[in-house]
Amino acid sequence: MDSAEFHAAVYEAVRLIPLGKVTSYGHIAHLIGMPNHSRHVGQALKFADPGVNPPLPWQRVIGSSGAISSRGPGTNGAQRQREALEAEGVEVTVGRAGEFKVDMRIYGWFPDNVEILQPEDQDQVDGENSSSG
DNA sequence: AGGTTGACGTTAG
DNA sequence: TCTAACGCCAACC
C-alpha cells in the first residue's frame, strides 16, 4: 500500500458516502482496511484536488464525535465544509467554542458492508440509530 | 536517527 | 455531555 494507493482508496471510499449523509475519518480508514490510519484519511483529503472527476464529497467526512475539525485559526476550511453540508440538507449546529457539529444519530453513515451495498439494500444498513430517537 | 506535527479515535473521570 | 489523557502512524524537520 503506497501513499498514492492509500489516497486512491480513500477517495473511492469517500465517494460511496450518500448525499445528505456524513461519516468519520476513522470509518473511511476502516473501509479501506486500515482502521488505525484515521489521521491520514484527513491528510489524503487535504491533498485532494477540488477539480477531480468524479467529484470528491470531502465535506461528508467529519470527526467521529460529529464535529468538523478545525483546519487552523486562520483558515476557513471548516466554514466551507459547513456550507457544503448545509447545501446538501445536513443540519450543522454551532457549539460554544464556535465549532461546527453534526448529529451523527441522524446523518451518520457507518455501514460495515459497503462492498455488498446495493441500491435496493440500503434499507437494512442504516440501523445505527436504534438506541434512541 | 530522533523529535514534533496533524482535516483522528478510544478510554477514563 | 464535556474535558483530559493516551494511543496511533506517516510526513516533516
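Chain A is the first sequence line, chain B the second, and so forth, proteins listed ahead of strands; every chain is numbered from 1. What you are looking at is a predicted structure, and each value in this text was computed from that prediction instead of being measured. What you see below is based on every heavy atom in this structure, not just the backbone, and it leaves out hydrogens, waters and symmetry mates.
If you check every strand for non-hydrogen atoms under 4.0 Å, Gly63(A) touches sugar and phosphate atoms only. Residue contacts for Arg80(A): at a heavy-atom cut-off of 4.0 Å it reaches no nucleic acid atom on any strand shown.
For His37(A) and dA7(B), the NE2 to P distance is 16 Å, given to the nearest whole Å. Distance, Asn76(A) CG to dA7(B) P: 14 Å, rounded to whole Å. Note: CD (Gln81(A)) to P (dC8(B)) measures 10 Å, nearest angstrom.
Of all heavy-atom pairs between His27(A) and Asp112(A), the closest is CE1-OD1, 3.9 Å. When all heavy atoms of Ile32(A) and Ala13(A) are compared, the pair lying nearest together is CG2-CB, 4.0 Å.
DNA chain C is contacted by both Arg39(A) and Lys101(A); Lys101(A) maps to the nucleotide lying nearer its 5′ end (nearest heavy atom per residue).
Side-chain contact between Arg60(A) and Thr23(A) is absent, with no heavy-atom pair separated by less than 4.5 Å. Looking only at side-chain heavy atoms (C-beta outward), Val94(A) and Phe100(A) come within less than 4.5 Å of each other.
Under the side-chain contact (heavy atoms from CB on, under 4.5 Å) rule, Ile28(A) has a single partner from Leu45(A), Leu16(A), Val10(A), which is Val10(A).
Taken residue by residue, residues 41-57 of chain A places heavy atoms nearer than 4.0 Å to DNA chain B at Gly42(A), Leu45(A), Lys46(A).
Rounded to a whole angstrom, the distance from the P atom of dA7(B) to that of dC6(C) is 22 Å.
For Ser38(A), whose side chain is taken as the heavy atoms from C-beta onward, the closest listed nucleotide among dG9(B), dG6(B), dA7(B) is dG9(B).
Counting only residues at least two apart or on different chains, no side-chain hydrogen bond (donor to acceptor under 3.5 Å, both in side chains) pair has a member in residues 35-55 of chain A.
Counting 5' to 3', DNA chain C first comes under 4.0 angstrom of a heavy atom of chain A and last does so at the ends given by dC2(C) to dA11(C).
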